[in-house]
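Heads up: the structure comes next, in structure tokens.
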Amino acid sequence: MLKALVLVILVAELCCASRMVAQSKSDMAEQKVATTSEKTASIADKTKAMEKMAGYFNIYWDTKAGKLWLEIDKWGT
């Protein structure tokens with residue numbers, strides 16, 4: 001009787017665990033689709049409120065976030 005009870009509990013645990021894994025994979029797939037379908041902002045859109053410092057590489061100062069952005073206009077050449 002005790003072995004049967006332990007077996008039932010183990011089967012129930014496995015069912016719950018597999019359902020949680022399946023749900024997690026589904027959620028991750030939905031997030032990936034949402035991330036890739038978002039429009040990527042152009043450099044002009046991203047930097048319109050920033051101070052531009054022109055040079056060999058243009059840099060932009062974002063005073064709100066306190067970040068410095070580097071523009072690489074010819075990536076991969």
Donor-acceptor pairs under 3.5 Å, side chain of residues 41-48 to any protein atom, not counting sequence neighbours: which ones?
from: S42; atom 1: OG; to: D45; atom 2: N; distance (Å): 3.2
from: S42; atom 1: OG; to: D45; atom 2: OD2; distance (Å): 3.2
from: T47; atom 1: OG1; to: I43; atom 2: O; distance (Å): 2.7

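- Taking CD of E51 as the start and CG of L68 as the end, the distance is 10.0 Å to the nearest 0.5 Å.
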Side-chain donor-acceptor pairs under 3.5 Å in residues 54-64, sequence neighbours left out?
from: N58; atom 1: OD1; to: G55; atom 2: N; distance (Å): 3.2
from: N58; atom 1: ND2; to: E71; atom 2: OE1; distance (Å): 3.3
from: Y60; atom 1: OH; to: E71; atom 2: OE1; distance (Å): 2.8
from: D62; atom 1: OD1; to: K64; atom 2: N; distance (Å): 3.2

